[in-house]
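In each ligand, atom 1 is the first atom listed, and ligand 1 is the first ligand listed. Just the heavy atoms: all of them, side chains too, but no hydrogens, waters or symmetry mates, feed the values below.
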Amino acid sequence: MLGIEPLTAEEITFLLDQSKPFQEIQKHPLKKLATLRGKTVALAFFEPSTRTRISFATAASRLGADAMNLQAESSSLKKGESLLDTIRTLDAMKPDCLVMRHSASGAPHFVARRLPLAVINAGDGTHEHPSQGLLDALTIRDGCGTLAGLNVTILGDILHSRVARSDIYLLSKFGCRLTLCGPPMWVPREFESLGAPGSSIRRVARIEEALEGADVIVTLRVQTERLHEPALSLDEYILRYQLTPERLRRARPGALVLHPGPMIRGLEIDPAVADGPQSCVLEQVTNGLAVRMALLFLLIGTGGEATAAKDSTHAAD
Ligand code: CP
């Protein structure tokens, strides 16, 4: 699972459908299954993460698998070991799959080409974050009842966002009309042709216009760690692009507000919106667990042949 771009709408629908039983399990008092008992998931995060790393580790644990955790900051990478030698070392301990995040776009693809190990991309540079794209889609499908034909506005630092790319690849396959809004240097023209063939992607400079009639708003973090020169001052960004309650009123009543996290409250999003009734931020986190359980189940369980519902034996059973 290296990206959303090569998947068809049918394959994505299958993955979302497979996540449904795992959403139900999160509500169960006993959340631990034995489905992947004896399997090992290697987690190698070479970039900071709260949600994705803990979510994959929890997904593995709730399926009964063991997790092998590389702490990049305290690993032998610091002594000069290469990425490939580090991953080969993990592979020699015989995990069943590798979940990998790296600051270089294409790093998980580089590893997947060289090792016979199943690799899940947990975010590569500014390229893709496929499990985030899937959990966003699950949240939107649950909230709107469909993915088809929605008006979706993506707001903020789109250029540096792997979440934006995965969301654009995914939502455009379902006929969503996408509006991209942010400082012009962060919303380059190339993004208009990023979607599925025939998809509608427009760039809009004014946030008020971009929010008009939106069913869903995806707000993105300003990725200061990837900025070499600030595009504009943070004060100006707040003034022109922050999602405020007043601006949100231009969207459809009840429009969903998503943010992949981490949120910088008071910068890209007003705390009143982040904590407001339309915010799906924590629902996204819960859905992320379901999506990642489904991915692990399908990749290293019997998921290739069985459905999650048929194979959700509790560890206690
Ligand atoms: N959404 C996301 O990828 O968050 P983390 O960086 O905390 O994993």
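- Residues meeting the ring-ring contact (aromatic ring centres under 6.0 Å, His included) test with Tyr241, sequence neighbours left out: Tyr237.
- Protein residues having a heavy atom under 4.0 Å from any atom of ligand 1 are Ser49, Thr50, Arg51, Thr52, Arg101, His129, Gln132, Pro260, Gly261, listed by chain and number.
- Put simply, the side chain of Ile4 does not reach to within 4.5 Å of the side chain of Arg165, judged on heavy atoms.
- Grouped by direct or indirect side-chain proximity (heavy atoms under 4.5 Å, Ile/Leu/Val/Met/Phe/Trp/Tyr only), Leu84 sits with Leu2, Phe46, Met68, Leu70, Leu77, Leu83, Ile87, Leu90, Met93, Leu98, Met100, Phe110, Val111, Leu115, Leu117, Val119.
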Would you sort out whether Glu268 and His259 count as a side chain to side chain donor-acceptor pair (under 3.5 Å), showing the intermediate values? CA-CA 10 Å; Glu268 68 266 9; His259 192 306; 2.8 Å; yes

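- Residue pairs satisfying the ring-ring contact (aromatic ring centres under 6.0 Å, His included) criterion with at least one member in residues 267-295, sequence neighbours excluded, are absent.
- Under the 6.0 Å distance and 45° angle rule, Arg292 counts as a cation-pi partner of Phe56.
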